[in-house]
S.K.: 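Before I ask anything, here is the structure I am working with.
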Amino acid sequence: MNVQMTVGSLLERAEKLYGKKQVISRTHSGIQRFTYKETGQRTRRLAHALEKLGVGKGDRVGTLAWNHHRHLEAYFAVPGIGAVLHTINIRLSPEQISYIINHAEDQVLLVDIDLVPLIEKIQPTLKTVHSYIIMSDDKLPDTTLSPVHSYEDLLKESNPSHPFAADIDENDPAGMCYTSATTGNPKGVVYSHRAIVLHSYALGLADTTAISEKDVAMPVVPMFHVNAWGLPFAAAFFGTTQVLPGPQFTPQILAELIQNEKVTITAGVPTIWLGLLNELERGDYDNSSLRSILCGGSAAPKGMITAFEEKYNIPFAHAYGMTETTPLALISTIKSYQEDSLNEAEKLELQSKQGLLVPGLEMKVIGANGEVDWDGKEMGELLIRGPWIAGEYYKDERTYDAFRDGWLYTGDVVTVDDEGNVKIVDRTKDLIKSGGEWISSVDLENAVMSHEAVFEACVVAIPDPRWQERPIACVVLKDAYKGKVTKEELLAYLSSLVAKWSLPDDIIFMEEIPKTSVGKFLKRTLREQVKETLSNQMNG
Ligand code: ADP
């Protein structure tokens, strides 16, 4: 039957079938617990309140918020009334935040209390916002935002059984998220109801993340970044207990939440898991409830996979996606017949790849001579299409760079092996072109990070008159090794792992590697820092 797939129906299932299961939310005032029944009532109150503020079908409602129960309520209330949930990355610059709010033409902003100063600063530049709603456990703070409302007061005055809109077409927009661009302002990606629902199904498949009612899911990846990889939607759909780690969390807070709430599946970028590993090594935690750490956003270093699996017995799942792909597109997989036929090193190699295409999607890899051979060697750009892959950037000319002939050009250079496993070699723009050969910065980073003294490492290209480009490795040592490991030792170690011509020309020790708003290495900034360091070295 042709029944419309809507985001509201995901929560409706949790309300009806899993009313007793919980949403556990860490806020400024501590841990709060709500059943899905209560979550449903609060969500409907919010939906009603937004309608009373004049929000109608197709209107954009922005959120500036951490991962917590109120943000989750907005996830369903906004699409529930046919409006569009615009999750705003709180770590963008004030200018970029102002740009995207104006570009999306947000009518209402839901703002966490600690982010109010950020919005106060840019309020004079906002052209379309007519109401500010402050999300807090406490009373409204003194603020210059106007007109301003208290989230909890609005809920009190509204109907807990307010119906979701009945006339939603599954192709209507339900959400949107802006992704950073190499040049210029962030680009908007719109998610339809249908895309979000189908992506939720995809997360439930046994061969992907297998998220189910029996899980306790903790999305660490921010709810302002690609819908926390869709976990909050899928968790509600399947009646999964959700743990939302709230504002300003630390590795210690994460380790405690996993232990106390018996989290079984969690998701985040590699830097989060490096932090957790460090914490587990320092403290005494029982994180044995975890059946899966889902890691994506940038390549998972092999050393980290091994540490979690062997030392802590926590299975590690490496996945790949983009803002444009809602995001799940690839996930590392060991096939049944490989369990016996591969040795441990080969299995680790497989896990460090981004893996197989998720059911429901299609891919093509285009190299210099058309589609590449699936030999694990030939490189090409990954193209994807499918029901949860975006078709354009929102009102943006740059659409024509990335979306062509019905395919998304990901800008990622990959190889595919004979089993269909995709390996991300680099971003097109980060690949190091040296003397006619391509050097993968990702491979080099992995090699450096496999040294026991290295906490994290990032490789960038610098221009070279003879070779065109050469790699430089920036390394942060673990505290215990600072001042005790030399460049020469690291280079000697690397020369046993990588081809001679791809050895970095230099190793620069740093206290910290600059990161993007979502915790990925910020190669653009790092490149500038490296150039400066090298020219100081030459002049000094
Ligand atoms: P941003 O450009 O703002 O970081 P995204 O979060 O959408 O936006 O980033 C998507 C990009 O992240 C992908 O195109 C790819 O380069 C990289 N990426 C995502 N997952 C992985 C992974 N598992 N391994 C390597 N790179 C990844």
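Values below: every heavy atom of this structure, side chains too, minus hydrogens, waters and symmetry copies. Counting convention: from 1, in listed order, for ligands and their atoms alike.
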S.K.: Does atom CD of Glu397 have more than 12 heavy-atom neighbours from other groups under 6.0 Å away?
M.R.: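 Counting neighbours around CD of Glu397, 12 or fewer heavy atoms of other residues, nucleotides or ligands fall under 6.0 Å, so no.
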S.K.: Out of Phe238, Tyr75, Trp388, which one pairs with Phe233 under the ring-ring contact (aromatic ring centres under 6.0 Å, His included) rule?
M.R.: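 Only match with Phe233 under ring-ring contact (aromatic ring centres under 6.0 Å, His included): Tyr75.
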S.K.: Please report, to 0.1 Å, the donor-acceptor pairs under 3.5 Å made by any side chain of residues 194-207, with sequence neighbours excluded.
M.R.:
unit_1, atom_1, unit_2, atom_2, d
His199, NE2, Thr326, O, 3.4
His199, NE2, Leu328, N, 3.0
Ser200, OG, Ile196, O, 2.8

S.K.: What does the 4.0 Å heavy-atom contact list look like for ligand 1?
M.R.: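 For ligand 1, the residues that come within the 4.0 Å heavy-atom cutoff are Thr179, Ser180, His225, Gly297, Ser298, Ala299, His318, Ala319, Tyr320, Gly321, Met322, Thr323, Gln354, Asp412, Arg427, Lys520.
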S.K.: Checking Tyr394 now: which residues fulfil side-chain hydrogen bond (donor to acceptor under 3.5 Å, both in side chains) with it, not counting sequence neighbours?
M.R.: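 Partners of Tyr394 by the side-chain hydrogen bond (donor to acceptor under 3.5 Å, both in side chains) criterion, ordered by chain and then number, come out as Arg60.
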S.K.: Using 30° and 60° as the class limits, which term best fits the ring planes of His86 and Tyr178: parallel, tilted or perpendicular?
M.R.: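 Correct class here is tilted.
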S.K.: Among all residues two or more places apart in sequence or in another chain, which pass the ring pair (Phe, Tyr, Trp, His ring centres under 6.0 Å) test with His68?
M.R.: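 His68 satisfies ring pair (Phe, Tyr, Trp, His ring centres under 6.0 Å) with no residue once adjacent residues are dropped.
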